[in-house]
*Asks:* 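One structure follows; several queries about it will come next.
Letters go in sequence order (proteins before strands), and every chain restarts at 1. Values below: all heavy atoms of this structure, side chains included; hydrogens, waters and symmetry mates excluded.
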4 protein chains.
Amino acid sequence: MPKVGMEPIRRKQLIEATRDSIGEVGFAATTVQSIARRAGVSSGIIAHYFGNKMGLLEATMRELLAQLKLDLMQRLPENPTPEQRLNAIIQTNFSKTQVDPLSAKTWLAFWSSAMHEPAFAQLQQINKQRLHSNLKFAFKAMAISDPDLAAASLAALIDGLWLRGALSPEGIDAERCVQLCRRHIDLIRDAQ
Amino acid sequence: MPKVGMEPIRRKQLIEATRDSIGEVGFAATTVQSIARRAGVSSGIIAHYFGNKMGLLEATMRELLAQLKLDLMQRLPENPTPEQRLNAIIQTNFSKTQVDPLSAKTWLAFWSSAMHEPAFAQLQQINKQRLHSNLKFAFKAMAISDPDLAAASLAALIDGLWLRGALSPEGIDAERCVQLCRRHIDLIRDAQ
Amino acid sequence: MPKVGMEPIRRKQLIEATRDSIGEVGFAATTVQSIARRAGVSSGIIAHYFGNKMGLLEATMRELLAQLKLDLMQRLPENPTPEQRLNAIIQTNFSKTQVDPLSAKTWLAFWSSAMHEPAFAQLQQINKQRLHSNLKFAFKAMAISDPDLAAASLAALIDGLWLRGALSPEGIDAERCVQLCRRHIDLIRDAQ
Amino acid sequence: MPKVGMEPIRRKQLIEATRDSIGEVGFAATTVQSIARRAGVSSGIIAHYFGNKMGLLEATMRELLAQLKLDLMQRLPENPTPEQRLNAIIQTNFSKTQVDPLSAKTWLAFWSSAMHEPAFAQLQQINKQRLHSNLKFAFKAMAISDPDLAAASLAALIDGLWLRGALSPEGIDAERCVQLCRRHIDLIRDAQ
DNA sequence: TATGAATGAGCCTTCATTCAT
DNA sequence: TATGAATGAAGGCTCATTCAT
């Protein structure tokens with residue numbers, strides 16, 4: 001049923017179908033056909049809106065990044081204290097959207113592919129650096145002696161918890177992860 | 001020219017070629033032919049020694065795990081103190097073999113695939129739990145109040161540092177990672 | 001913004017775009033979309049005016065033939081002498097329109113396709129016979145002993161020169177071709 | 001039925017199937033599958049021996065060229081007179097192999113494609129120049145005043161006759177073509 | 001024990017055509 | 001009259017697997 005002005009609708013549909021497919025059956029088993037079927041459209045439409053499969057995958061990863069950024073923004077009050085900032089970051093990274101198995105698996109799939117796919121690698125780097133600088137900014141404001149080290153430490157902890165959770169059959173225990181991160185921050189601050 | 005007693009040689013050859021191929025060109029670009037070419041043998045030989053491609057991949061992951069285990073054993077003195085045990089674990093995880101980009105990328109590729117490949121998932125779980133219980137054992141011996149939590153925290157830190165390093169263009173800075181882990185242990189111990 | 005009386009304009013636009021596309025990127029790379037883009041219209045319009053792609057291609061070949069015919073008419077004086085007729089034919093076949101690389105390539109593409117496309121084959125035959133009978137008529141009037149043979153010979157020479165020119169990277173050297181044809185006619189006449 | 005030493009057999013099989021397919025159904029309708037089916041093998045084998053479809057097409061054109069060259073060699077006596085050389089060239093170009101509709105159509109298809117396919121264009125140029133220089137050599141030895149012009153003329157005549165024949169439903173009338181070429185040579189010589 | 005020829009399913013992509021607007 | 005969204009078939013290519021030698 002051809003319509004006009006379908007572009008934003010279709011793009012959203014296809015990106016969601018892509019994320020779902022990667023999350024459910026994995027990166028390797030995600031084919032153009034599997035995505036199209038999931039979205040309830042024909043396979044040809046992907047070329048129409050995204051040029052090719054890679055274009056759709058890239059758009060999907062961008063969407064995940066945008067979502068993460070938006071999540072954080074919404075959790076940050078105006079002029080947040082360092083503690084509020086750290087809290088917001090932690091909670092964003094273990095929020096429902098990030099922790100839901102579909103997204104988690106999709107993230108990990110992209111990370112893994114990023115190692116040999118420049119287009120993904122670049123996006124991946126953006127994400128990595130954004131987390132690091134956000135954390136560093138907060139630690140600096142808290143007058144932590146080596147904010148860079150503290151940031152690296154907490155960033156790794158977040159990613160590690162997230163990774164282990166994503167790989168675990170039970171999924172991510174968000175509450176426990178948040179608790180572990182908080183405790184880590186307390187240790188860092190108390191050590192000053 | 002068929003020879004006898006080639007099995008262990010061929011298996012080693014092929015497993016190494018597999019690890020190198022995954023590390024260098026990625027999981028997706030690693031084909032039976034690319035592995036065979038790298039090993040300097042014909043593609044048919046894989047079926048002969050490993051049944052099929054999956055068999056070879058599984059054997060390769062097993063080999064990585066065995067290597068990691070062996071590394072740790074060799075670093076552990078007899079009757080190690082808890083500190084010695086933690087040190088050995090940390091150093092093993094950031095040892096040359098683990099930190100070299102080929103292995104790191106291969107590990108991550110397997111992890112990512114593990115999410116949808118039961119054979120990999122099982123091996124992955126073994127690894128995860130081994131690290132956790134090793135750490136927990138040490139923390140218990142150190143009379144840390146919640147050794148489970150401490151182990152989860154340090155395990156996540158190790159994996160997170162390792163993950164971020166593997167994804168970084170510069171590779172893993174082993175020394176810095178070890179330092180961060182030590183500092184984390186100090187914080188935990190001092191907080192008691 | 002639909003307009004009335006657009007038919008002749010659109011048809012011309014599309015036929016020109018088709019010829020340009022075939023000439024520039026070749027028959028195989030000429031798609032409905034590439035034609036529409038070149039003509040600055042949407043792809044759907046082709047079905048509207050020509051039924052389908054084949055209809056447009058056929059119309060394009062017809063246009064080339066009509067152009068050739070018109071060219072000849074304009075070069076023929078009233079009641080031409082046989083020599084004038086031969087001259088006009090030769091000059092028409094190596095005129096700017098025919099010699100320009102776009103047209104030459106388009107002609108050859110159609111010829112090649114004609115071998116397996118009845119619609120093109122028919123048009124192609126018309127062209128071939130027109131040239132032959134025009135030449136024969138002139139040679140007869142010149143009292144050449146075997147006008148049929150002479151016509152076949154000159155027709156082949158014209159087509160051969162044209163073919164070799166079209167295939168040559170430098171394009172067709174019209175002047176030299178005309179000279180060669182004239183010389184051929186001289187030889188035939190002198191041999192009587 | 002896998003065998004060893006099949007390469008030359010398979011290559012020949014596939015090249016013949018390609019020529020037959022192009023000749024029978026045309027360049028556009030010649031698919032990897034249609035070739036494989038004709039050769040009685042699977043489609044994958046083309047990649048095995050020729051890399052890809054283009055590799056096979058190129059090999060096919062090379063084969064046609066080689067055949068033409070061989071044909072000429074076999075017709076040339078040792079130390080041929082100029083007349084013998086010209087005769088051999090003419091007869092080769094209108095020999096059974098060249099005149100059979102399959103080959104003729106295949107040649108024309110390649111010529112047409114050559115305009116936009118550098119790989120074909122190069123081969124096509126070789127052929128064109130070989131014919132020209134062969135003719136020129138003979139005309140020079142006959143003390144024709146402008147051997148270059150004479151060669152261009154006869155080359156065009158040969159190609160033109162061949163082209164018109166290939167495009168004609170009745171195929172090429174080899175005898176008549178040879179006769180026309182001979183007459184052309186006579187005219188050139190007598191005009192000295 | 002080892003080769004590599006051969007298969008064929010499945011992938012991504014291209015593209016003529018259709019049709020609601 | 002005109003658009004361009006949408007379809008789906010068909011193409012070329014890749015690749016794990018099989019198997020005669």
*Asks:* Would you tell me if any nitrogen or oxygen in the side chain of R10(C) comes within less than 4.0 Å of OP1 or OP2 on dA2(F)?
*Replies:*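 Answer is yes, contact under 4.0 Å.
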*Asks:* What's the closest nucleotide to the K53(C) side chain, out of dT17(E), dG8(E), dA6(F)?
*Replies:*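 Taking heavy atoms from C-beta onward, the closest nucleotide is dT17(E).
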*Asks:* Check whether any side-chain heavy atom of Q124(B) sits under 4.5 Å from a side-chain heavy atom of M61(B), and report yes or no.
*Replies:*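 Side chain of Q124(B) against side chain of M61(B), heavy atoms only: contact under 4.5 Å found.
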*Asks:* So, do F110(D) and F27(D) sit near enough that their side-chain heavy atoms are less than 4.5 Å apart?
*Replies:*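 Contact flag for F110(D)/F27(D) side chains = yes.
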*Asks:* Taking distance alone, no hydrogens or angles, what donor-acceptor pairs closer than 3.5 Å link side-chain atoms of residues 42-49 of chain C to residues at least two apart or in another chain?
*Replies:*
none

*Asks:* Consider the side chain of T31(B), meaning its heavy atoms from C-beta on, and name the nucleotide among dT3(E), dA16(F), dT13(E) that approaches it most closely.
*Replies:*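 The listed nucleotide nearest to T31(B)'s side chain is dA16(F).
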*Asks:* Hey, is the side chain of H48(D) poking within less than 4.0 Å of OP1 or OP2 on dA5(E), counting only N and O atoms?
*Replies:*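 Indeed, a polar side-chain atom of H48(D) lies that close.
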*Asks:* Using only atom types and a distance under 3.5 Å, with no angle test, would you say the side chain of H116(A) pairs donor to acceptor with the backbone of A29(B)?
*Replies:*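 Such a contact is absent between H116(A) side chain and A29(B) backbone.
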*Asks:* In Watson-Crick or G-U wobble terms, both distances under 3.5 Å, what is the partner of dT17(F)?
*Replies:*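 Base-paired to dA6(E).
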*Asks:* Using the side-chain heavy atoms of V32(D), tell me which of these nucleotides is nearest: dT7(E), dA2(F), dC13(F).
*Replies:*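 The closest nucleotide is dC13(F).
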*Asks:* Are Y49(B) and dT1(E) close enough that a side-chain N or O sits under 4.0 Å from OP1 or OP2?
*Replies:*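 No.
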*Asks:* Using Watson-Crick or G-U wobble geometry with both distances under 3.5 Å, which nucleotide pairs with dT14(E)?
*Replies:*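 dT14(E) is paired, partner dA9(F).
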